[in-house]
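Owing to the predicted nature of the structure, the values given are computational and were not obtained by experimental measurement.
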Amino acid sequence: MTVTANERLGLAPTDPRPASETTPAADRTETNPLFGDQKMKLGLFGTNCSYGLIMSHAPSTYEITWEHTKEIAQRADRLGFDVLVPVARWKGFGGSTNFNGNCFETYTWAAGLAEATERIAVAATSHLPTIHPIVAAKQATTVDRISGGRFALNMVMGWVPPEMEMFGSEQREHDERYAYGQEWLDFVTRLWTEEGTFSIHSKYFDAELLEAYPKPHQGPRPALINAGNSPSGIEFSARNVDVNFASLDTLENIKAYTTSLKKKAREEYQREIHAMTYGLVVCRDTEEEAERAFQQVVDEGDWGAAGNVIKIAGSGASQSFDHAVKEMQERFIAGWGGYPIVGTPEQVTEELGKLSEAGMEGMIFGLIDYNEELKYFGENVMPLLKQAGLRH
């Protein structure tokens, strides 16, 4: 049996801690907009990474500077958006853009934007194999305290082998990533919620006499997000998280997915889960202008980076996969493989309404030029969303 440092050194135990250290400050339904009553929640995706959601040289003022990303966040906050979700990247995707390679780390990004905003939820996207649960739990609690209970943790199991190799390890087999992720989350949750000290001895973790104070601001724990859409990912989400982000191609598939996901969470785990999607929104005065802007993104696309993403996602892109590559590359170039919405303010409102009817409670999206197009969105789309009963 292992002798702990406390036993070896004869250290006095920690006295019971006061309620200010052991109890969350507020119920998360009162502090976190992800639990708010907006029918169609809105968020921005990828504002911490170069090129955002477009693998393209299409003209844009968007840049990765702190001043610029903060201005985008503050504008979204003033417009009443619900959440900011970053992309966790350690290595770009090559090509002429090195897509997403110039980026900010997401926990510290979230801390900075938590201080710079007032109402919007701020997420950190975390590759679980790259960070120890003790560090992640403490960083998440710190951001949650800074924000007054507006933090969300978007958990990624790690899916890009070149990134994992940067950390000196091979990528785990797909389903094992989720087994590891479950132990990781169980570890973090205990640090967020458990008083006193405890130890963990499991397949992936051995840790003695753990403790963590203070607890997060929002109780019983921060909002949790996962974008797993595979059987293992759906199982993990239904069991654990508050919001599942889904990448789907048609409204029919979206309806089937959201119905199945929510049924699984309710029947198998006796809990509720929300579904949101993501994609590129291109909104202009006329449909022709919007389609022309969308097509420019494709025409000036970085086919090298998009091809690299497809090869990684397809585990090597076998030759039988080649016939679908061009179509998939276009979808990745213009919106990271998400659900594109292209049209006038009226058409964008209508599409968001259709997503809502199909069971999606929100959309996080990219824009070709986040800061400039947010102004247009606020003036031209937000009033229509309120008229349609999708926002208030």
Side-chain angles (χ1 to χ4, degrees), residues 32-34 43-53 62-74 76-77 81-93 98-117 120-160 162-164 166-167 177 181 184-185 188 191-192 216-218 221-228 241-245 276 278 309 336 338 364-366 370:
N32 196 318
L34 282 171
L44 293 181
F45 189 22
T47 63
N48 68 310
C49 284
S50 53
Y51 298 92
L53 296 196
Y62 176 63
E63 62 181 5
I64 297 301
T65 64
W66 183 247
E67 294 74 21
H68 193 75
T69 198
K70 183 168 73 170
E71 186 176 353
I72 292 167
Q74 290 175 331
D77 192 31
F81 274 51
D82 301 284
V83 64
L84 299 165
V85 181
V87 174
R89 277 277 74 78
W90 304 105
K91 183 184 185 72
F93 285 102
N98 192 29
F99 177 65
N100 281 181
N102 187 29
C103 59
F104 292 131
E105 186 280 324
T106 68
Y107 285 93
T108 45
W109 177 90
L113 293 184
E115 180 64 25
T117 55
I120 197 167
V122 182
T125 298
S126 190
H127 286 174
L128 305 193
T130 70
I131 185 168
H132 195 281
I134 296 170
V135 180
K138 181 64 74 175
Q139 290 182 170
T141 295
T142 302
V143 181
D144 200 44
R145 289 280 171 171
I146 292 169
S147 69
R150 294 181 284 128
F151 179 71
L153 182 62
N154 179 26
M155 296 174 290
V156 179
M157 303 304 138
W159 67 278
V160 181
E163 286 189 322
M164 292 304 102
M166 288 175 65
F167 288 86
R177 287 177 234 161
W184 188 99
L185 177 57
V188 166
L191 289 165
W192 281 338
H217 185 97
Q218 61 184 306
R221 56 159 174 73
L224 297 178
I225 300 167
N226 177 248
V241 309
D242 304 296
V243 180
N244 175 267
F245 284 134
M276 294 175 68
Y278 75 92
V309 171
W336 230 142
I364 56 170
F365 55 87
Y370 288 94

**Student:** Which label fits Tyr370 and Tyr62: parallel for a plane angle under 30°, tilted from 30 to 60°, or perpendicular past 60°?
**Tutor:**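 Taking Tyr62 first and then Tyr370, their aromatic rings sit tilted (interplane angle of 30° to 60°).
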**Student:** Do Glu67 and Glu71 have side-chain heavy atoms sitting under 4.5 Å apart?
**Tutor:**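 No - every pair of side-chain heavy atoms lies 4.5 Å or more apart.
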**Student:** Say whether, by atom type as modelled, one donor and one acceptor occur between the side chain of Trp90 and the main chain of Met166 under 3.5 angstrom.
**Tutor:** no
**Student:** Ile225 and Leu34: side-chain contact (heavy atoms from CB on, under 4.5 Å), yes or no, with the steps?
**Tutor:** CA-CA 10 Å; Ile225 300 167; Leu34 282 171; 4.2 Å; yes
**Student:** Of all residues at least two apart in sequence or in a different chain, which pass the ring-ring contact (aromatic ring centres under 6.0 Å, His included) check with Phe151?
**Tutor:** none
**Student:** Checking Gln139 against Thr142: is there a side-chain donor and acceptor pair closer than 3.5 Å?
**Tutor:**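 The answer is no; no qualifying pair exists.
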**Student:** Is it true that a side-chain atom of Asp82 and a backbone atom of Gly43 form a donor plus acceptor pair closer than 3.5 Å?
**Tutor:**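 No, because the side chain of Asp82 does not come within donor-acceptor range (under 3.5 Å) of the backbone of Gly43.
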**Student:** Enumerate donor-acceptor pairs with a distance under 3.5 Å from any side-chain N or O in residues 109-117 to protein atoms, sequence neighbours excluded.
**Tutor:**
from	atom 1	to	atom 2	distance (Å)
Trp109	NE1	Thr69	OG1	3.4
Thr117	OG1	Leu113	O	2.6
Thr117	OG1	Arg150	NH1	3.0

**Student:** Could you walk me through whether Val87 and Asn48 pass side-chain contact (heavy atoms from CB on, under 4.5 Å), step by step?
**Tutor:** CA-CA 7 Å; Val87 174; Asn48 68 310; 4.1 Å; yes
**Student:** Is it true that a side-chain atom of His132 and a backbone atom of Ile134 form a donor plus acceptor pair closer than 3.5 Å?
**Tutor:** yes
**Student:** With sequence neighbours left out, what residues match Arg177 under salt bridge (Lys or Arg N to Asp or Glu O under 4.0 Å)?
**Tutor:**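 Once residues adjacent in sequence are excluded, Arg177 has no partner under the salt bridge (Lys or Arg N to Asp or Glu O under 4.0 Å) criterion.
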**Student:** Examine distances only and state if a side-chain atom of Thr106 and a backbone atom of Pro86 form a donor-acceptor pair shorter than 3.5 Å.
**Tutor:** no
**Student:** Do Asn102 and Ser50 get their side chains close enough for a donor-acceptor pair, meaning under 3.5 Å?
**Tutor:**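 No - no donor-acceptor pair under 3.5 Å links their side chains.
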**Student:** Taking the inter-plane angle between the rings of Trp336 and Phe93 on a 0 to 90° scale, is it parallel (under 30°), tilted (30 to 60°) or perpendicular (over 60°)?
**Tutor:** perpendicular
